[in-house]
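Following: one structure in structure tokens, then a few remarks.
Numbered from 1 within each chain, the chains take letters A, B, ... in sequence-line order. Because the structure is a prediction, the values reported are computed rather than measured.
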Protein chains: 2
Amino acid sequence: MVDDGTGSDAAVPRKRSDARRNQEALLDAAAAAFIAAGVHVPVRDIATRAGVGVGTIYRHFPTRADLIVAVYHHQIEACAAAGPRLLASAGTPHAALAGWIDLFVDFLVTKHGLAEALRSDDATFGKLHAHFLDRLLPVCAHLLAAAAAAGEIRPDVGALELMRGVGNLCIGDNSDPRYDARRMVGFLVAGLRLPAVP
Amino acid sequence: MVDDGTGSDAAVPRKRSDARRNQEALLDAAAAAFIAAGVHVPVRDIATRAGVGVGTIYRHFPTRADLIVAVYHHQIEACAAAGPRLLASAGTPHAALAGWIDLFVDFLVTKHGLAEALRSDDATFGKLHAHFLDRLLPVCAHLLAAAAAAGEIRPDVGALELMRGVGNLCIGDNSDPRYDARRMVGFLVAGLRLPAVP
DNA sequence: CGAACATACGGAACATCGTTCCGTTTACCA
DNA sequence: TGGTAAACGGAACGATGTTCCGTATGTTCG
């Protein structure tokens, strides 16, 4: 719901062309910098890549979280949209849950430092955390409820604790080949299952 | 195996008395500072508490990891020693494993920021990570092997991945009452179980 | 006991990074 | 084309980790 100046009505005065151009340049530069050096890349590096001053970054994206959210906006939305789709197509609610968690894990482990940032107690990342929760928590809760209703998992698992646990398990996945976050997440999700009662 | 100047032979020249005194003062100050502000407390704060200059810290403890390891040395050793004891006293190997993991989790969540530091990819903490693994990995491996041999858990679980997963789940436990690391670790350990074959 | 020497100390100084602020430039509109 | 408001750039500031060297002090030996 961000007005980028190309919007539909005239309530908000159109942004200046250089501002729009710089915002685009910043998004591109940040995306490249995140891939090259992780989401903790120094602000000055992003500014240099984009050919702007650091002041321009703070004007467009007051906190690092805003920039990260903007860069990954599409992928976060795609992940949110995948929840209901999986629930409809997968064989069981538990399979849908597992599939969705896989998507979430894939997203996190392919963005260097994102899982760490998500869990940082630094207030700067509070908005990042909040945005992830806003978009993805309801999806996760829905999948959990379906699996619980089907008697496949214990009924007392909260969506927030599961997402945080999964996010935590993704930390450091890229720094040591002996650690595989997907495997650990698999164990965690398996631990939610109820013993089959025949 | 650090020579503190009170050692047995004279191969190493005895350290100066002020050096020994300052090292003690630094350990006390660091312990207090870690409790008050976490293991990421600024170096200057520790120096001020100890009544020394920052140079003295770096002389005694070249990296933050060295200081952390020294402060928690006793507790790490106690955790290592608890492994065999639990295996002997607990009803089943799996119970011993679960009990030991509980000790490990308790240790981590009561030291603000320690779990985070353990997982930081900052090279400064490499020695911290290495020391934890040196002392605790064999203990964990032993417990895992016993539980696997008893057929209680799947046989392909590595000690390193388990310890890292558990450590990761402990991150941020103190920053949000809605997240309980012990609960998540419980799910993870439960996920290692093999279905009972009667 | 007192001097000489090695050891250790303290904190100033430097580097990095996030963040703010304001003089200058630029786009837009009349 | 000129005026105005928006946006820009980067210097400057504060916090923190780290290094370095002139100074102080413990220890030893004559």
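For A:S17, a side-chain nitrogen or oxygen approaches OP1 or OP2 of C:dC28 to under 4.0 Å. Under 4.0 angstrom from either OP1 or OP2 of C:dC9 there lies at least one side-chain N or O belonging to B:H60. Taking 4.0 angstrom as the limit, A:T56 places a side-chain polar atom (N or O) nearer than this to OP1 or OP2 of D:dG9. Residue B:N22 places at least one side-chain N or O closer than 4.0 Å to OP1 or OP2 of C:dC9.
Counting to the nearest Å, the P atom of C:dA8 and the CG atom of B:L26 are 14 Å from each other. Rounded to an integer number of Å, the gap from A:R20 CZ to D:dA7 P is 11 Å. The nearest whole Å value for the distance from the CG atom in A:D122 to the P atom in C:dG18 is 11 Å. We find that CD1 of B:I46 is positioned 17 Å from C1' of C:dG10, with the value rounded to whole Å.
Between A:Y72 and A:H131, the ring center distance fails the sub-6.0 Å criterion.
Taking the ring centre of A:F34 as origin, the terminal cationic atom of A:K111 falls outside the region bounded by 6.0 Å and 45° from the ring axis.
For B:R14 against D:dT27, no side-chain N or O and base N or O form a donor-acceptor pair under 3.5 Å.
Taking for each of B:G55 and B:R21 the nucleotide of DNA chain D with the nearest heavy atom, the 5'-most of the two is the partner of B:G55. When the nearest nucleotides of DNA chain C are assigned to A:R59 and A:V41 by heavy-atom distance, the more 5′-ward of the two goes with A:V41.
Nucleic acid contact class of A:R64 (heavy atoms, under 4.0 Å, all strands): sugar-phosphate only.
A:H129 NE2: more than 12 foreign heavy atoms inside a 6.0 Å radius.
Between the side chains of B:D66 and B:T63, a donor-acceptor pair is found at a separation under 3.5 Å.
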